[in-house]
Amino acid sequence: MTTRTTTTMSTPEPLSSTALRRLLLWLSPSFPVGGFSYSHGLERAIEDGDVVDRATLLAWVKEVLRHGSGRSDLILPAQGWRAASAGDLSTLAYLADLAIAMSISAERRLETVAQGEAFLRATRSAWPHPLLERIAAIRDAEVAYPLAVGAAAALHAIPLAPTASAFLASFAASLVSAGVRLIPLGQTDALKILAELDAAIETLADGARRLTLDDLGGATFRADIAAMRHETQETRLFRS
């Protein structure tokens, strides 16, 4: 099988104050993508007793970031950023198909497609760009969330490195927030977990500039199985 790859980027330009504000807004909990309604399979892991306290939540999120969908979802926005920067719609269409094909379960697919569609709809409305319209036409707006974020960031001159870091931090915060509500934990515990994830996020985000599509893949089997089992969970708060 032939896999498309792209070259790595040189050191990105400094982040302007405008780009910083835009990135903070796009990846904040208040941005209308509905991220609060997804647990990424964590709800099932808590139901099964795999995650029960601060220590196990930290371990679960860290492994998802380093060896699971967090890592893969970091490669996709980087590749989308590069393709959008080059105006390469062919590669963006290929990435859109690949990202959805890699969804491990029906709910994982729902999670990434629904958020991607919502993100594109909001950014096209408030920060229009001709290429965003063409990206939205791919698969009738069925574009994975990380790919949509990466492409939009490139089109609005937001450098890759901070985009990757902010996206991963936002993903981690969303998982921790779900855990806080489900276990439950206090906000102080949540902040301590996020602080302990700083080093892992920094390392992964820095690596996003070097990773290619050949590096896609993961090994978090219990997280993937939890996502599949969540589809038939009788009582639940989250959509995934």
Side-chain angles (χ1 to χ4, degrees), residues 1 3-9 12 23 27 33 35 38-42 45 50-51 56-83 91 94-105 107-109 111-113 115-116 119 143-151 153-154 159-179 193-228 240:
M1 182 181 69
T3 303
R4 298 189 183 192
T5 59
T6 55
T7 56
T8 55
M9 299 292 292
L23 192 58
L27 295 173
V33 297
Y38 302 97
S39 81
H40 207 70
L42 180 59
D50 290 330
V51 179
T56 50
L57 179 59
L58 170 63
W60 182 276
V61 175
K62 185 178 289 186
E63 290 307 298
V64 169
L65 293 178
R66 295 171 58 193
H67 303 297
S69 54
R71 180 176 180 274
S72 294
D73 283 357
L74 191 63
I75 294 171
L76 289 168
Q79 297 298 316
W81 190 96
R82 293 173 180 128
T91 295
Y94 172 79
L95 291 170
D97 287 337
L98 179 64
I100 292 175
M102 288 190 64
S103 299
I104 200 68
S105 66
E107 287 190 357
R108 286 274 181 89
R109 185 186 190 282
E111 182 178 328
T112 193
V113 168
Q115 290 188 88
F119 180 85
V143 178
Y145 180 47
L147 181 59
V149 171
L160 173 56
T163 299
S165 182
F167 181 84
L168 201 61
S170 175
F171 176 60
S174 180
L175 288 180
V176 172
S177 176
I193 292 172
L194 291 173
E196 291 183 74
L197 290 171
D198 272 345
I201 290 173
E202 183 66 23
T203 299
L204 284 166
D206 182 64
R209 289 178 289 172
R210 298 184 296 273
L211 298 175
T212 71
L213 294 181
D214 291 331
D215 298 299
L216 279 172
T220 49
F221 301 112
R222 285 195 72 84
D224 293 339
I225 291 170
M228 296 174 193
S240 73

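Take Glu107 and apply the side chain to side chain donor-acceptor pair (under 3.5 Å) test, not counting sequence neighbours, and it matches His230, Arg236. For Ser72, the side chain to side chain contact (heavy atoms under 4.5 Å, CB included) test picks out Met102, Leu216, with sequence neighbours left out. Residues that satisfy the salt bridge (Lys or Arg N to Asp or Glu O under 4.0 Å) test with Arg71, not counting sequence neighbours, are absent from this structure. Residues passing the side chain to side chain contact (heavy atoms under 4.5 Å, CB included) test with Asp50, sequence neighbours excluded: Ala45, Asp48, Trp60, Arg222. Residues passing the side chain to side chain contact (heavy atoms under 4.5 Å, CB included) test with Asp97 are Arg139, sequence neighbours excluded. Remark: Ile225 pairs with Arg229 by the side chain to side chain contact (heavy atoms under 4.5 Å, CB included) rule, at least two apart or across chains.
Ser39 places a side-chain N or O within 3.5 Å of a backbone atom of Ser240 that can act as its donor or acceptor partner.
Screening Leu175, Val51, Thr56 for a side-chain contact (heavy atoms from CB on, under 4.5 Å) involving Val61 leaves a single residue, Leu175.
Taking the six-membered ring for Trp and the full ring otherwise, Phe171 and Tyr38 have centroids separated by 6.0 Å or more.
When all heavy atoms of Ala226 and Gly41 are compared, the closest pair comes out as CB-O, 3.5 Å. For the residue pair Leu27 and Ser170, the shortest heavy atom distance occurs at O-OG, 3.2 Å.
Taking CD1 from Ile100 and CG from Leu95, the interatomic distance works out to 11.5 Å, rounded to the nearest 0.5 Å.
The aromatic rings of Tyr145 and Phe119 lie perpendicular to each other, with more than 60° between the two planes, well past the 30° mark.
A salt bridge links Asp224 with Arg108; the closest basic N to acidic carboxylate O contact falls under 4.0 Å.
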